[in-house]
Each structure stands twice: as C-alpha cells, then as structure tokens.
Amino acid sequence: MLNKNKKLKLYYSISEVAQMLGVNESLLRYWEDEFPQQLKPKRAGRGVRQYNAEDIEALKLIYHLVKERGMTLQGARQRLKDNREGTLRTCEAVERLKAIREELVAMRDALDAFTYEDMDALQKNIGGEAKG
C-alpha cells in the first residue's frame, strides 16, 4: 500500500528534501560535509542518501541560520554546538509566523477580490432575509 501522507514517511530522498527546502541537491551534499555532527543521512544501495525526520530538522536549522539569518558556516556550527535547543525554538517560531503571514495574505487577497457589486448583493440578500 502506498503511503500518501508525507508525514508518515520514514525516509526521504535528497531530491524530496531539496524540494522541501527550496535548495539544490548539491547544497545538501555540501552541508553534509560541513556539518558532519548534525547531518548523517542513511545510505541505501549505491550510496543513495535517505533522510529521516531528524536529518530534515537539522537541515531546517542550518537553512534558518545560514540562509535566513545570514550566518557563516562556522558561526552556524558554533551556534548549533552551543545552543541547539534555543536555535530550534527560534526556528520553530519563525516557521509558525511565516505560516500565519501566509494565511493573512491569503485572507487579504480574498477580501481584495470581493467587489462592491458583491457587497451590494450581500446587503440586499441580508436585507431580504431580515424582512422575511
């Protein structure tokens, strides 16, 4: 039986992880070399990398530090070594705020698409129901 829910997958290919993060596969391989303590994907036949949930969380942290916060690789390594839990909490808060922002932007766009004709029709409909 095929697993359609990605959350239940045990392992992800490098291409799936690269797509999740919006980066190139080569960057993931590079980060694997630069962060050997944090990234240790399982190797399948012919050396194919298989990333588990823990690897993906580590990659999200590295992405947050390097791409979003603009830290150097050395700085990111040091931050993960010194304060991994604090960095993880900060990264999770940023992810939640991004999701909230996306939802608010979608709501704003939906409201912008609502025309004055729609408002008039809605008012007439509500007025008709109140009288009847």
Side-chain angles (χ1 to χ4, degrees):
M1 181 165 109
L2 291 174
N3 184 1
K4 295 189 185 214
N5 186 349
K6 294 280 185 191
K7 294 264 185 200
L8 298 177
K9 259 181 108 167
L10 293 178
Y11 294 101
Y12 297 85
S13 69
I14 192 169
S15 61
E16 289 174 312
V17 176
Q19 187 176 9
M20 281 180 209
L21 296 174
V23 298
N24 293 323
E25 294 174 21
S26 59
L27 181 61
L28 297 181
R29 288 189 287 271
Y30 177 69
W31 281 350
E32 187 180 327
D33 291 339
E34 293 295 318
F35 295 89
Q37 300 291 12
Q38 290 82 15
L39 295 175
K40 297 176 186 167
K42 180 180 168 186
R43 298 291 179 124
R46 297 187 319 234
V48 175
R49 290 167 175 83
Q50 295 182 324
Y51 295 87
N52 63 22
E54 188 176 307
D55 295 323
I56 294 170
E57 286 303 313
L59 283 166
K60 285 180 181 179
L61 279 175
I62 293 166
Y63 181 90
H64 171 72
L65 293 172
V66 175
K67 296 292 189 177
E68 294 175 347
R69 302 268 319 267
M71 296 180 84
T72 64
L73 295 178
Q74 179 60 36
R77 268 193 299 273
Q78 192 64 43
R79 174 67 62 91
L80 290 173
K81 181 181 173 189
D82 293 344
N83 190 8
R84 181 180 174 88
E85 291 306 313
T87 304
L88 180 59
R89 283 192 304 275
T90 301
C91 184
E92 288 171 351
V94 168
E95 298 264 333
R96 283 194 300 271
L97 289 171
K98 283 181 184 178
I100 291 169
R101 183 181 191 284
E102 285 178 24
E103 200 171 317
L104 289 171
V105 167
M107 293 167 84
R108 181 197 64 200
D109 293 346
L111 288 171
D112 286 347
F114 207 60
T115 64
Y116 286 109
E117 291 81 21
D118 294 332
M119 288 294 293
D120 290 338
L122 183 60
Q123 284 177 333
K124 286 177 187 176
N125 191 12
I126 292 172
E129 288 178 8
K131 290 178 186 176

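Computed from a predicted structure; not experimentally measured. Computed over heavy atoms, backbone and side chain alike; hydrogens, waters and symmetry mates excluded.
Put simply, CD on Gln38 and CD1 on Ile62 are 5.5 Å apart, with the number rounded to the nearest 0.5 Å. With rounding to the nearest 0.5 Å, the separation of CG in Asp55 from NZ in Lys42 is 11.5 Å. Within the model, atoms CD1 of Ile56 and NZ of Lys9 stand 9.0 Å from one another, a figure rounded to the nearest 0.5 Å. Between the CG atom in Asn52 and the CD atom in Glu57 there is a gap of 10.0 Å [rounded to 0.5 Å].
Applying the 6.0 Å contact sphere to CD of Gln19 captures no more than 12 heavy atoms from other residues, nucleotides or ligands. Annotation: Arg43, atom CZ; neighbour count of heavy atoms from other residues, nucleotides and ligands within 6.0 Å is above 12. Glu54 CD: 12 or fewer foreign heavy atoms inside a 6.0 Å radius.
Salt bridge Glu95/Lys60: absent, no basic N to carboxylate O contact under 4.0 Å.
With contacts defined as side-chain heavy-atom distances shorter than 4.5 Å, the pair Leu88/Glu85 qualifies. Residues Arg29 and Ile14 are in side-chain contact: their nearest non-hydrogen atoms beyond the backbone lie under 4.5 Å apart. Looking at Arg79 and Thr90, their side chains never come closer than 4.5 Å, going by heavy atoms from C-beta outward. Between Leu59 and Phe35 the shortest side-chain heavy-atom distance does not fall below 4.5 Å.
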Does Leu28 form a side chain to side chain contact (heavy atoms under 4.5 Å, CB included) with Leu39? I'd like the steps, not just the answer. CA-CA 10 Å; Leu28 297 181; Leu39 295 175; over 6 Å; no
Quick one: do Leu61 and Arg84 satisfy side chain to side chain contact (heavy atoms under 4.5 Å, CB included)? Show the steps, please. CA-CA 9 Å; Leu61 279 175; Arg84 181 180 174 88; 4.0 Å; yes
With side chain to side chain contact (heavy atoms under 4.5 Å, CB included) as the criterion, how do Lys98 and Glu68 come out once you've worked through the C-alpha distance, each side chain's angles and the decisive distance to 0.1 Å? CA-CA 12 Å; Lys98 283 181 184 178; Glu68 294 175 347; 2.2 Å; yes
Is there a salt bridge (charged side-chain N to carboxylate O under 4.0 Å, His left out) between Glu32 and Arg49 once you walk through the steps? CA-CA 11 Å; Glu32 187 180 327; Arg49 290 167 175 83; 2.6 Å; yes
With side chain to side chain contact (heavy atoms under 4.5 Å, CB included) as the test, would you mind laying out the steps for Val23 and Tyr30 before giving the verdict? CA-CA 12 Å; Val23 298; Tyr30 177 69; over 6 Å; no
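The nearest pair of heavy atoms linking Trp31 to Tyr63 is CH2-CA, 3.7 Å.
Judged purely by atom type and a 3.5 angstrom limit, Arg77 uses its side chain to pair as donor or acceptor with the backbone of Glu34.
In terms of hydrophobic clustering, with Ile, Leu, Val, Met, Phe, Trp and Tyr side chains grouped at heavy-atom distances under 4.5 Å, Ile100 and Met107 are assigned to a common cluster.
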